[in-house]
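Beneath this line is the structure, given in structure tokens, with notes to follow.
These numbers come from the heavy atoms of this one structure, side chains and all, not from hydrogens, waters or symmetry mates. Labels below follow one simple rule: chain letters A, B, ... track the order of the sequence lines, proteins then strands, and each chain is numbered from 1.
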Amino acid sequence: MKLSKKSLDGNMETLLLAVLSAGPSYGYQIVQDLNATAPGLLETGEGTIYPVLHRLEERDLIQSSWRAGENGRQRRYYRITPKGKKALSNNRLQWATLKKVMGTVLGDRPAPDSFQPTTRLETAL
Amino acid sequence: MNSILDRYLDRVLVYANKPGPKAEAIRKELKDHLLQKVDDLIKSGVPREEATLEALRQHGSPKIIGYKLRGPFPWIDIRTHGTARGVIAIGPRAVGIFAMGGYAMGIFTFGGFCCGLFSVGGFALGLLFAWGGFGMGGIASGGMTLGVVAVGGMAAGVVVAGGLAVGAWVPYGLHHGNVISHYTPANVPPLLKSLDPILNDTAQITDHFAIIMPAFLLTLLAFQFLLYREGKRVASEDDWLIDG
């Protein structure tokens with residue numbers, strides 16, 4: 001199922017922190033990692049991760065440095081800071097709690113196939 | 001190929017509106033991403049020209065990325081193109097606590113078309129106070145006004161005064177033309193009557209509209225021209241670029 005932009009907006013920072021917790025990386029590689037684990041996540045554009053990365057850096061959750069990549073071009077590498085690790089840890093806890101609450105309320109059941117307004121409408125017509 | 005990428009990046013940076021060194025860093029970083037993407041697509045068998053366009057398509061709308069790259073709400077944002085956002089915002093389109101522009105939105109707004117708690121402009125919508133050629137709001141004063149308290153050439157509201165005044169209470173003596181008033185001086189409630197001094201003050205200001213209105217309309221036209229010029233510069237030669 002396609003995730004809505006609204007669902008993603010608040011969680012992209014956590015996702016990027018999680019990717020960077022595995023080690024320093026750069027924009028293109030981060031996109032590759034995200035696409036490999038969650039295809040379609042960056043449907044609105046790969047470039048949309050940069051504003052999030054820059055925001056994280058402004059908040060000292062990650063740090064960046066320029067160095068030459070394997071192709072010789074200067075490349076901006078990001079790495080997570082101790083503050084970022086702490087934030088990621090907090091976000092993981094928040095997410096686990098939210099997941100538990102949602103699971104309890106929704107009963108951990110997947111939405112039935114019939115829960116598709118267009119199908120129902122077509123049937124009714 | 002670089003020229004196409006550079007034009008795409010130009011557009012991102014127009015919307016991002018960052019100062020020189022930061023803009024260059026963004027350009028360098030995004031360009032590295034795009035070039036890497038193009039290289040990978042070519043390696044996977046995509047022709048070079050198509051690879052470039054595909055890399056741009058996958059990278060996303062320059063407008064969306066550019067706007068997201070903008071800094072947080074600054075104290076002062078003055079710009080000659082796009083939307084100014086800040087505590088004090090001045091631009092063709094302005095959004096802020098104090099906003100001035102062709103189109104202004106905020107708490108205190110001033111411009112050709114403005115919307116806020118207190119609005120002064122050619123077309124003014126104000127929750128508490130609107131003063132303009134066309135004013136609509138709590139206390140509205142202007143050539144044409146609609147409001148709880150309205151003063152103008154044509155006015156409609158709860159308490160009104162004007163060339164043609166339609167309302168619950170039209171203070172006799174302040175209007176200059178036809179009156180349709182629910183209350184008369186004999187039975188007007190004290191609360192409505194107490195608003196007469198406000199109407200008197202604003203009615204005097206309204207007398208200057210003949211001079212002020214053209215100034216507001218010129219403001220609107222000037223900002224509209226800046227918007228048009230910028231839009232043409234950014235978009236006209238790059239119709240093929242994706243934009244959100």
*What heavy-atom pair brings B:E29 and A:W66 nearest, and what distance separates the two atoms?*
N-CH2, 3.7 Å
_I'd like to know whether CZ of A:R73 has more than 12 heavy-atom contacts from other residues, nucleotides or ligands below 6.0 angstrom._
yes
_With side chain to side chain contact (heavy atoms under 4.5 Å, CB included) as the criterion, how do A:Y50 and B:L30 come out once you've worked through the C-alpha distance, each side chain's angles and the decisive distance to 0.1 Å?_
CA-CA 8 Å; A:Y50 290 99; B:L30 266 54; 3.7 Å; yes
*Determine, step by step, whether A:R76 and B:K28 satisfy the side chain to side chain contact (heavy atoms under 4.5 Å, CB included) criterion, reporting the C-alpha distance in whole Å, the side-chain angles of both residues, the deciding distance to 0.1 Å, and the verdict.*
CA-CA 9 Å; A:R76 191 174 190 171; B:K28 208 160 92 174; over 6 Å; no
*Going from CD on A:Q74 to NZ on B:K31, what distance comes out if it is rounded to the nearest 0.5 angstrom?*
14.0 Å
*What part of A:V52 gets closer than 4.5 Å to chain B, counting heavy atoms only: side chain, backbone, both or neither?*
neither
*Sub-6.0 Å ring centroid separation between A:Y26 and B:H33*: no
_Any heavy-atom pair between the side chains of A:H54 and B:L69 that's under 4.5 Å?_
yes
*For B:I64 and A:T48, work out which heavy atoms get closest and say how close.*
CG2-CG2, 4.4 Å
*Which atom of A:P51 lies closest to which atom of B:I65, heavy atoms considered*: CG-O, 3.9 Å
_Is A:R75 in contact with chain B via its backbone, its side chain, both, or neither, using a 4.5 Å heavy-atom distance?_
both
*Given a strict heavy-atom distance threshold of 4.5 Å, which part of B:A25 is in contact with chain A: side chain, backbone, both, or neither?*
both
*asked:* Among B:V12, B:I26, B:D40, which residue has the highest count of heavy-atom pairs closer than 4.5 Å to chain A?
replied: B:D40
